[in-house]
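The structure appears below as structure tokens.
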Amino acid sequence: MNESSKLFERALRVTPGGVHSPVRSFAAVGGRPLFIESAHGAQLTDADGARYTDYCMAFGPLILGHGDADVAAAAHDAINNGWSFGTAERWSLELAELITARIPWAEQIRFVNSGTEAVMSALRLARAATGRPLIVKFAGCYHGHSDAMLIEAGSGMAGIPASAGVSTATAAETLILPLNDIAAVTNAFADHGDRIAAVIIEPLPANNGLLPQTDAYLHELARLCRQHAALLIFDEVISGFRCGFGGRAEQLGIEPDLVTWGKIIGGGFPVGAFAGSKSLMQCIAPAGPVYQAGTLSANPVAMRAGLATLEKLTDGLLYDNLNLLSGELRAGLKQIPNVSVTVHDSLFWLHLHPNGAGNIIDVPRAPDQIRPEHAAAYPQFFRGILNAGIYLPPSPYEVGFISAAHSSDNIRDFIAAIKNTHPS
Ligand code: PMP
């Protein structure tokens with residue numbers, strides 16, 4: 001038994017499923033998870049000394065790669081000066097100023113510790129600001145693990161209707177609609193319009209495979225929200241600062257009422273945030289009556305790591321280089337049968353269609369458009385790629401991430417590994 005397996009056996013005794021977040025367990029791909037000991041640039045090294053080129057990148061935060069020197073220096077400097085004050089401090093102010101200066105409709109921001117917290121708080125704010133009870137959510141979109149959002153949620157719950165433990169009363173206040181279906185939204189507003197507080201969507205759904213929505217769909221969604229005085233919440237926990245600094249909102253030219261961020265905003269440390277117009281954000285305590293708090297919120301180590309990361313992202317060239325790499329991946333995969341790829345900026349999702357329609361690159365836009373053979377073929381594919389020294393997300397429904405630490409050589413090796421492994 002190798003060292004990772006021994007550690008996993010020990011972990012199973014003290015932790016449910018041996019992991020502290022479900023998708024890490026390899027339940028979706030079979031076998032035991034790798035225990036990672038260190039990571040540098042685009043490389044992971046496991047407890048047995050094996051090295052892998054990483055395309056999971058901690059599920060998205062590490063856009064600069066592992067152990068970026070500037071982020072490390074900022075975090076070390078923060079630690080040398082005490083790492084939690086429970087007081088006001090300057091770093092969260094600087095991060096807030098950096099973001100609000102570049103994303104003008106995000107006039108005010110509140111930092112929290114995770115994407116889950118950001119969404120949970122934004123929903124509370126939406127209900128308070130509108131005085132309405134219902135939230136519209138889309139099947140396959142994941143918004144963290146607060147009760148109201150654990151219904152048809154994607155990510156580790158892809159294909160599972162709802163988590164156990166969510167009360168019927170809570171579930172009844174979340175309306176689930178299909179993605180890519182504007183008529184469903186129109187009908188929901190016709191039926192419940194004056195009771196809908198907010199519509200929450202990942203403007204680039206990336207938790208049930210990558211399911212890009214058309215610009216026209218998202219603009220119409222925004223229009224319907226305005227028409228019915230419901231708030232539009234863009235959950236940009238994945239797409240924020242990845243699809244350009246201003247995320248999908250900026251790409252689309254849509255100003256959501258509220259945005260939720262996570263992942264990149266903390267440079268790989270635990271940070272989330274929600275932001276919006278000053279008038280909405282003034283509802284949050286202590287300025288207003290919507291309570292929201294956190295002992296470790298705006299922790300100085302995480303704030304400085306986030307600042308160091310976002311400062312680098314103000315250079316648009318970084319995004320151009322990432323897009324060159326994802327373009328190389330897309331071009332390379334065109335030649336390979338039975339594997340398609342959906343790419344958006346530096347996000348990608350491989351979908352497998354053994355015995356299928358060759359190398360046609362189709363773009364599923366809703367979970368039911370994903371070929372059923374994909375999930376069945378993924379475990380074997382994942383293991384083949386892993387054996388070639390490449391770490392993909394250990395789930396058929398999680399997306400892959402390219403970082404600034406990846407190179408064209410990495411992408412070339414990745415394409416070669418896919419060619420050798422592709423399902424037939
Ligand atoms: N929203 C989206 C779109 C996400 O992808 C995630 C996490 N994958 C979350 C919210 C929850 O974030 P966290 O895991 O930091 O709680």
Side-chain angles (χ1 to χ4, degrees), residues 19-25 28 55-63 110-126 135-158 160 163 174 176 179 198-213 218 232-243 247-249 256 258-275 292 294 296-299 302 305-306 309 344-349 367 393-401:
V19 288
H20 295 279
S21 195
V23 178
R24 297 177 194 174
S25 76
Y55 288 98
C56 184
M57 299 309 289
F59 293 101
L62 302 171
I63 192 166
R110 170 62 61 85
F111 291 114
V112 296
N113 300 294
S114 66
T116 297
E117 274 185 59
V119 169
M120 193 177 74
S121 309
L123 297 182
R124 185 181 308 129
L125 170 53
I135 304 292
V136 169
K137 172 194 176 297
F138 295 90
C141 285
Y142 181 69
H143 302 290
H145 62 95
S146 65
D147 282 9
M149 295 289 98
L150 280 183
I151 304 155
E152 300 200 33
S155 189
M157 285 188 51
I160 303 171
S163 168
T174 306
I176 305 292
L179 281 166
V199 173
I200 184 165
I201 189 166
E202 296 178 68
L204 180 64
N207 278 288
N208 204 308
L210 192 60
L211 303 172
Q213 303 299 289
L218 290 164
L232 175 64
I233 305 176
F234 270 5
D235 181 351
E236 300 232 43
V237 165
I238 286 185
S239 53
F241 312 103
R242 183 166 286 275
C243 300
R248 283 297 283 148
L258 291 170
V259 63
T260 52
W261 284 307
K263 301 195 192 261
I264 289 175
I265 201 172
F269 287 80
V271 182
F274 60 105
Q292 194 287 318
L296 296 176
S297 291
N299 168 274
T309 302
H344 191 106
D345 295 315
S346 52
L347 290 153
F348 69 87
W349 177 58
S395 156
Y397 298 109
E398 300 286 341
V399 298
F401 296 92

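Counting convention: from 1, in listed order, for ligands and their atoms alike. None of these values were measured; they are calculated from a predicted model.
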Students should be able to answer this: which protein heavy-atom is nearest to [atom], and at what distance?
atom	answer
atom 5 (O) of ligand 1	Asn207 ND2, 3.0 Å
atom 2 (C) of ligand 1	Tyr142 O, 3.3 Å
atom 9 (C) of ligand 1	Gly144 N, 3.7 Å
atom 13 (P) of ligand 1	Gly115 N, 3.5 Å

- Item | Donor-acceptor pair, side chain of Glu236 and main chain of Ala249, under 3.5 angstrom | yes
- Item | Check: Thr174 side chain, Ala148 main-chain N or O, donor-acceptor pair, under 3.5 Å | yes
- Compute whether any side-chain donor of one residue and acceptor of the other, for Arg124 and Gln292, lie under 3.5 angstrom apart. no
- Message: For Tyr55 and Phe348, take the angle between the two ring planes, folded into 0 to 90°, and tell me which bin it lands in: parallel under 30, tilted 30 to 60, perpendicular over 60.
- Response: perpendicular
Where does [X] meet ligand 1, judged by heavy-atom distances below 4.0 Å: at the side chain, the backbone, both, or neither?
X	result
Lys263	side chain
Phe59	neither
His143	backbone
Thr260	neither

Ligand-residue contact atoms, ligand 1 with [X], heavy atoms, under 4.0 Å:
X	result
Thr116	11 (C), 12 (O), 13 (P), 16 (O)
Asp235	1 (N), 2 (C), 3 (C), 10 (C)
Ile238	5 (O)
Ser114	15 (O), 16 (O)
Glu202	3 (C)

- Spacing of Arg242 atom CZ and Trp261 atom CH2 [to the nearest 0.5 Å]: 16.0 Å
- Taking atom OG1 of Thr116 and atom CE of Met149, what is their separation to the nearest 0.5 Å? 11.0 Å
- Query: Can you name the nearest heavy-atom pair linking Glu202 to Tyr142, along with the distance?
  - Reply: OE2-N, 3.0 Å
- Atom of Gly267, atom of Thr309 and distance for their closest heavy-atom approach: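 Of all heavy-atom pairs spanning Gly267 and Thr309, the closest is CA-OG1, 3.3 Å.
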- For the pair Cys243 and Leu204, evaluate side chain to side chain contact (heavy atoms under 4.5 Å, CB included) and give the outcome as yes or no after the intermediate values. CA-CA 9 Å; Cys243 300; Leu204 180 64; 3.9 Å; yes
